[in-house]
A.B. asks: 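Mind looking over this structure? Questions follow.
Each ligand, and each atom within it, is numbered from 1 in the order the structure gives.
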Amino acid sequence: MGQPLIEDDYLGRRIAGESRSNTQGPVLLSVVVPCFNEEAILRETHRRLVATLEAVPDLDFELVYIDDGSRDATLNVLRELQHADARVRVLALSRNFGQQMAVTAGLQCAAGDAVVVIDADLQDPPEVIPEMLDRWRKGADVAYGVRTKREGETRFKRWTASAFYRLLARLTDISIPLDTGDFRLMDRAVVNAFLAMPERDRFVRGMVAWLGFRQEPVPYRRAARVAGETGWPLRNMLRLATDGLVSFSLLPLRLATWLGLLAAGLALSGIVYALVLRLCTAAWVSGWTSLLIAVLFLGGVQLLMLGLLGEYVGRIYGEVKHRPLYLVEERLGFPPTSRRAVQEETTE
Ligand code: UDP
Ligand code: MG
């Protein structure tokens, strides 16, 4: 990893904060849409995206749909859309790799000067994209959607999500904006920097926050899912939460030190107490209750820390295997030679 991470003419091309004028003709926007079992809604999503983007002046766009190993007819619908509209690109992964990987795959083959990532289920309204573009044209490098209101989500999901973001903000060194999902616009420079990050446990919103650059919030109301079901059962949400914590914070590892100190402190005061009792009075600390409590407490702490250690070691194992992040089974609608081809050669 001796070479410079990002060799790119996009970096440093622009003076920071300078607005992007469109004197050089229309810009190209890529919209990356990860899709997992979304057959019921994709046509509507496509219709709304196209209607919104066609209304924006001085804009060319491409729609990059990633089929993340769907088990329903999603891929067929995508093929149909591609057939009818040359601006559609379809990338089908060989199996379900998860939303974060699907987004990564999409970013990797997007060719735009700016790239928007948006969910397929219309929970993130495409109508917000023009505002993100506006921010970008005025000089922002990242325009991220902030949910001001969440509709159609259970109280449990809203509560856990909010608690998680706040915990993450406290535990990590970087500040991930609260109530932010993956709905965002990124400048080409940011996308390239993102793609230069090779890690396997991809917590996209954390990684983008880590990158820095000029990031601006764009508030919007998060609508209810129009059709289909959430592909994120509790188990996956927990996994994403662990990824977020473990990838961005070493604090859990330090917990061992603090718990060790606490246990030692307790033990010490116990010893003093027992000695004082024995030497100064006729009574003494008795029985196996105290013994058992001490043994169980220490045993519990040790197992907990072993588990945490395992979490990190497991991730190191995952990284050193150096498997590809995802596998592509089919691609449709991509022009044969373009910047993306060069990109893939250098990053894959
Ligand atoms: N998704 C995906 N792979 C998965 C799960 C989800 O590509 O394994 C996509 C899904 O099609 C949607 C987006 O990721 O476009 C967000 O998923 P979902 O709506 O299920 O998540 P939620 O909105 O409940 O957080
Ligand atoms: Mg959703």
Side-chain angles (χ1 to χ4, degrees), residues 30-46 48-49 63-78 81 88-110 115-126 128-129 144-147 149-165 168 176 178-184 200-206 220-241 243-244 325-330:
S30 304
V31 180
V32 169
V33 191
C35 313
F36 177 60
N37 296 343
E38 304 280 8
E39 61 175 359
I41 196 172
L42 266 176
R43 287 191 186 84
E44 174 65 7
T45 309
H46 183 68
R48 268 176 66 182
L49 276 171
L63 303 169
V64 184
Y65 292 99
I66 315 300
D67 174 37
D68 186 17
S70 299
R71 284 181 282 271
D72 62 1
T74 297
L75 187 53
N76 287 336
V77 176
L78 289 179
L81 290 176
V88 172
R89 330 257 182 251
V90 178
L91 195 72
L93 303 187
S94 63
R95 64 169 169 83
N96 181 247
F97 280 89
Q99 184 199 1
Q100 308 289 304
M101 261 347 152
V103 168
T104 305
L107 289 175
Q108 200 137 35
C109 55
V115 183
V116 166
V117 177
I118 189 170
D119 282 2
D121 57 8
L122 290 177
Q123 277 191 293
D124 306 326
V128 180
I129 296 178
Y144 57 91
V146 177
R147 306 151 180 175
K149 199 166 190 291
R150 291 173 152 216
E151 285 159 16
E153 290 183 343
T154 59
R155 186 177 288 214
F156 175 74
K157 171 141 190 180
R158 280 193 314 233
W159 188 82
T160 46
S162 125
F164 168 66
Y165 283 124
L168 204 61
I176 298 173
L178 295 182
D179 297 323
T180 304
D182 289 325
F183 184 30
R184 56 164 53 79
R200 257 122 260 272
D201 291 309
R202 299 185 86 78
F203 182 59
V204 174
R205 58 201 82 158
Y220 72 101
R221 289 162 68 107
R222 186 157 163 94
R225 211 173 215 291
V226 179
E229 272 178 19
T230 171
W232 284 93
L234 185 63
R235 188 165 44 90
N236 290 14
M237 271 165 59
L238 280 178
R239 172 140 187 90
L240 186 74
D243 273 356
L325 296 180
Y326 56 85
L327 292 174
V328 176
E329 189 174 316
E330 186 178 331

A.B. asks: For ligand 1, which part of Cys35 has a heavy atom less than 4.0 Å away: the side chain, the backbone, both, or neither?
C.D. replies: backbone
A.B. asks: Any idea which heavy atoms bring Asp119 and Gln99 closest together, and the distance?
C.D. replies: OD1-NE2, 3.4 Å
A.B. asks: Within the structure provided, determine whether Glu330 and Ser94 are in side-chain contact (heavy-atom separation under 4.5 Å).
C.D. replies: no
A.B. asks: Relative to ligand 1, is Gln99 under 4.0 angstrom through side chain, backbone, both or neither, heavy atoms considered?
C.D. replies: both
A.B. asks: What are the two closest non-hydrogen atoms of Leu325 and Met101, and how far apart are they?
C.D. replies: O-CG, 3.6 Å
A.B. asks: So do Tyr220 and Val146 actually touch side chain to side chain, heavy atoms under 4.5 Å?
C.D. replies: no
A.B. asks: Apply the side-chain contact (heavy atoms from CB on, under 4.5 Å) test between Ile66 and each candidate in Val33, Leu91, Val90; give the one that qualifies.
C.D. replies: Leu91
A.B. asks: Measuring only between side-chain heavy atoms, which start at C-beta, is Asn37 closer than 4.5 Å to Arg71?
C.D. replies: yes
A.B. asks: Any idea which N/O/S atom from Asp121 gets closest to the Mg ion (ligand 2)?
C.D. replies: OD2
A.B. asks: Going by heavy-atom distance to atom 1 (N) of ligand 1, choose the closest among Phe183, Tyr65, Phe36.
C.D. replies: Phe36
A.B. asks: Quick check on contacts: which atoms of ligand 1 are under 4.0 angstrom from a heavy atom of Glu38?
C.D. replies: 10 (C), 11 (O), 12 (C), 15 (O)
A.B. asks: For Asn96, take its heavy atoms, then give the atoms of ligand 1 lying under 4.0 Å from any of them.
C.D. replies: 3 (N), 4 (C), 8 (O)
A.B. asks: Out of Leu122, Asp121, Asp119, Asp124, who gets a non-hydrogen atom closest to atom 13 (C) of ligand 1?
C.D. replies: Asp119
A.B. asks: By number and element, which atoms of ligand 1 are closer than 4.0 Å to a non-hydrogen atom of Gln123?
C.D. replies: 19 (O), 22 (P), 23 (O)
A.B. asks: Counting heavy atoms only, which of Asp68, Val103, Leu42, Val33 is nearest atom 4 (C) of ligand 1?
C.D. replies: Asp68
A.B. asks: Please determine, by modelled atom types, if Gln100 and Asp182 share a side-chain donor-acceptor pair under 3.5 angstrom.
C.D. replies: yes
